[in-house]
Amino acid sequence: MIAAVAELARNDQLAEQFDLLADLMELEGSDGFRISAYRRAAARIRETPTSVAQLALDGKAVKLQDIGKTIEAKIVEIVEDGEIHALTKRKLVVPAEVATFMRLPGLGPKTARRIWQELGITTVAALQAAAEAEQLRGHAGIGAGTEAKILTALAQPKATAGPQRALLGTTLPKLRAVVEVLREHPASVEVSLAGSARRMRETVRDLDIIATATDPKALVDYFCALRWVVDVAARGSTKATVVSHDGLRFDLRVVPPESYGNLLQHFTGSKDHNVALREDAVRRGFSVSEYSVTIVETGEEHSFATEEEVYRFLGYRWIAPELRENGGELAAARLDAKKRGELPDLVELADLRGDLHTHTTWSDGKDSLEDMLAAAKARGYAYYAICDHSQRLRGDLLKQQSEQIDALQELVRPLQILKGIEVNVRPDGTLDVSDEDLASRDWVVASVHSRFDHDATERVLAAMESPYVDCVGHLTNRRIGKRPPAPVDVERVIAKAAETGTFLELNSQPDRLDLSDVNARAAREAGVKVVIDSDGHQIGALDYVELGVGQARRAWLTKDDVLNTRTWKQIQKLQKQRA
DNA sequence: GCCGTTTTCGGCCCGACTGTTTTCAGTCG
C-alpha cells in the first residue's frame, strides 16, 4: 500500500551538518564570519517549519534569512550526495573526537585546536591521560587550572553530551514558587522570571530571576538562606546562584530599577533574538547593551524601567517572550510602516473553552469520571471530552460508560460532557474500534501507541481518511529526553489534515508537547486548526494546558488558530460530515 | 558566507569573567 517516496533529508539533519562543518572549520582556524554564517544557517534551518531540502531543490531556500546561494548549493549537495562536500573533506583532516574537546566546559575551539595540533592529542582517552600525567600544563595558554577543569569535566558521566536540560513542566512550578517568596520579601520591588523559562521553552537549564530591590543585599541573603537551598554556588551583593536539592540551579540578579527593562530584556533572550536585535540596532545607529541603549553619534545613553520602553525606543512593538527566537518576530514587530509585519495576537490560556482529550479510571486514568468532571467544572470549562483508550472500552463497557456520562450530565451543568474516545491506530493503519461505535461518539482522537517507527506517516494518513476521526493525537510520539520523534513526514500529514478537515492535537503533557513549536507553526501556516488539550489522566494534569498554550504561542498561534477557543456548537460546524 | 533606511563592498552584538598572564585571549551567555 505504501509507495516508496524518496526521503529528503530532514531540517534537523541538514542543520546538524552545517553545525558540524562550523565546528571543524573553527578547529582548523578558518574565518570566524564564515563559521558563524554556517551556524546561523543551521539555526534558521531548524526553525523553518517546511522542508528546507525541498526549498533548496526548488531554488527557494535563498529566500530564507541567512541562507544565500552558497549555502543553498550545499543543501543540494546533501540531498544529492548525502553530505556537504566540504564537510566530507574536512572530516579527513580533523580527527572525529577533537570536535568533542571544545564541548567541554571551559575549553573552546582555540584551546581544543592547540591540544590537537601542538600536542598531537586526537582522542578523549588520550586527553584524559595527558591531563592526569600533567603533560598539558606549560603549553600555550594551558595551566594546572585548565588541566583540573578537563579532568573534572571528563569525570562527569556523558561529559561530552552537553549539560542536561530539565522539563519546563516540572521546573516551572518550582521557579514560580521561588519568584513568589521573593516577591513577598519586604526588600523586593519587581521580581520576574527570565531566560528560557520565561520564553516557555519545552526544556530549561538555567533558571533566571531578575529583580529590583530597596535593599539588594537583604534580598540576596534571603534567597541564599531559603530552606530548600543545598548549595550556594556563587554569592555577591547583587547576584547569587544556588542549587536546590533536586539539582536545579537558580540565578538571582538584583538590578538597578532604572535599567530593569534593559536587563529583563537581555536576560530573557534568546541569544539569537538579542544578537539580531543588536545587529539591527547597529545599522540604525544604536548600540544595545544589557544596561542601556546608546545613540552612537551623540553618545547619549538611555536606560528604561520597562521592556516596552526598550522595544519602543528601538522601533518595535513589545514582543512576547515566547516569540523571541529570531524567527521573524523582529521584522513583524517593526513600528515603521514599510517594514511592518504582522505580529500575531497570541492565544492565551483564558481563551480555552474546553479540554478535548482527557482520561478517567474507565481506562488508565488515576481519577474517577465524577472527580475529573468536578475539576473541569471548577476550571470554568464549557465542554469537556472524555477520551478513554479504546483498548479498555470494548463492547458493553463503552455503553456502560455512556450511561454513566448521561447520568452525570445534569449534575455538572453548565459543563457539557462530550462522549469521546482515543482510538488506537494499528500498525496497518486501521482503527481498533468499529465505525458503528465511532459514529456514536461526539469526538474522536486517533493516536498511534505502538511500533512508532513502523509506517509512521502512512498510518496517520490512513486514519485521517476515516470520516469519524476528528483529531490526530500526539503526532510524533516523542518523549522529550527519552524517545525521539517517530519519523513522521509532518508536511504530508498537515497537507492531508487540510484536505480531510482533520484537526491536529497539541498534546500538553510536559514530556510530549507534541506538536512541537516548529510543527505547530507549520500547521498554522497551512490553515490547519490545532487543538490544545491536556491528555490529563488525573486532576492535577488538567493544568498542563498552560504548557500547551506556551508551546502554541511559541508557534505564533492566535486564538483563531486554536480550535478549542470556540464554543462546542462552532466546533461541530467545523467537524467532518460523517458518513 | 550573508546582507543592505549610510552599502553590492566592507562590515559582522556586547559585556563579564576566567585563567594565565604582566595587559589579554579565550570563553560564556
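What you see is a predicted model; the values in this text were computed from it and never measured.
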Figure out the [atom1]/[atom2] separation between [X] and [N], and round it to whole Å.
X: A/Asp31; N: B/dG11; atom1: CG; atom2: C1'; result: 12 Å
X: A/Asn262; N: B/dG15; atom1: CG; atom2: P; result: 12 Å
X: A/Leu64; N: B/dG1; atom1: CG; atom2: P; result: 18 Å
X: A/Lys69; N: B/dT8; atom1: NZ; atom2: C1'; result: 15 Å
X: A/Glu147; N: B/dT20; atom1: CD; atom2: C1'; result: 13 Å
X: A/Asp280; N: B/dT6; atom1: CG; atom2: P; result: 11 Å
X: A/Ile71; N: B/dG1; atom1: CD1; atom2: P; result: 8 Å
X: A/Arg34; N: B/dC2; atom1: CZ; atom2: P; result: 10 Å

Heavy atoms only, 4.0 Å cut-off, all strands: where does [X] land among base, sugar-phosphate and nothing?
X: A/Lys239; value: nothing
X: A/Ile35; value: nothing
X: A/Leu263; value: nothing
X: A/Arg283; value: base
X: A/Val282; value: sugar-phosphate

Distance, [atom1] atom - from [M] to [N], rounded to whole angstrom:
N: B/dT6; M: B/dG11; atom1: C1'; value: 12 Å
N: B/dC3; M: B/dT8; atom1: C1'; value: 9 Å
N: B/dG10; M: B/dG15; atom1: C1'; value: 25 Å
N: B/dG1; M: B/dT5; atom1: P; value: 24 Å
N: B/dC24; M: B/dT20; atom1: C1'; value: 9 Å
N: B/dC12; M: B/dC17; atom1: P; value: 25 Å
N: B/dT23; M: B/dT18; atom1: C1'; value: 15 Å

Original post:
Can you list the residues that meet the side-chain hydrogen bond (donor to acceptor under 3.5 Å, both in side chains) rule with A/Gln509, with sequence neighbours excluded?
Top reply: none
**OP:** Quickly, which of A/His273, A/Lys271, A/Arg199 forms a side chain to side chain donor-acceptor pair (under 3.5 Å) with A/Glu325? Name it, please.
**Re:** A/Arg199
Closer than 3.5 angstrom, by distance alone: can the side chain of [X] be matched with the main-chain N or O of [Y] as a donor-acceptor pair?
X: A/Asp489; Y: A/Glu491; value: yes
X: A/Arg165; Y: A/Thr203; value: yes
X: A/Glu329; Y: A/Asn326; value: yes

Subject >> N/O (side chain, A/Ser36) to phosphate O (OP1/OP2, B/dC12) under 4.0 Å >> reply: no
Original post:
Quick one: is A/Thr70 getting a side-chain N or O under 4.0 Å of the B/dC2 phosphate, OP1 or OP2?
Top reply: yes
**OP:** Could you say whether the aromatic ring of A/Phe33 and the base of B/dC2 stack, counting only centre distances under 5.5 Å and plane angles under 30°?
**Re:** no
Subject >> DNA chain B: 5'-proximal contact among A/Ala37 and A/Gly143 (nearest heavy atom) >> reply: A/Ala37
**OP:** Fit a plane to each ring of A/Phe250 and A/Trp228, take the angle between them on a 0 to 90° scale, and name the class: parallel (under 30°), tilted (30 to 60°) or perpendicular (over 60°).
**Re:** tilted
**OP:** Any chance you could list the contact pattern along nucleotides 24-29 of chain B? Use B for base contacts, S for sugar-phosphate-only contacts and - for none, protein heavy atoms under 4.0 Å, 5' to 3'.
**Re:** --SSSB
Original post:
Between B/dG1, B/dG19, B/dC14, which one does the side chain of A/Ser289 approach most closely?
Top reply: B/dC14
Original post:
What does B/dT8 pair with, Watson-Crick or G-U, if both distances are under 3.5 Å?
Top reply: none
Original post:
What distance do A/Arg198 atom CZ and A/Leu193 atom CG have between them, rounded to the nearest 0.5 Å?
Top reply: 8.0 Å
Original post:
Looking at A/Tyr316, is A/Arg284 sitting on its ring face, NZ or CZ under 6.0 Å from the six-membered ring centre and within 45 degrees of the normal?
Top reply: yes
Original post:
Does A/Arg253 count as lying over the ring of A/Phe267, i.e. NZ or CZ under 6.0 Å from the six-ring centre, within 45 degrees of the axis?
Top reply: yes
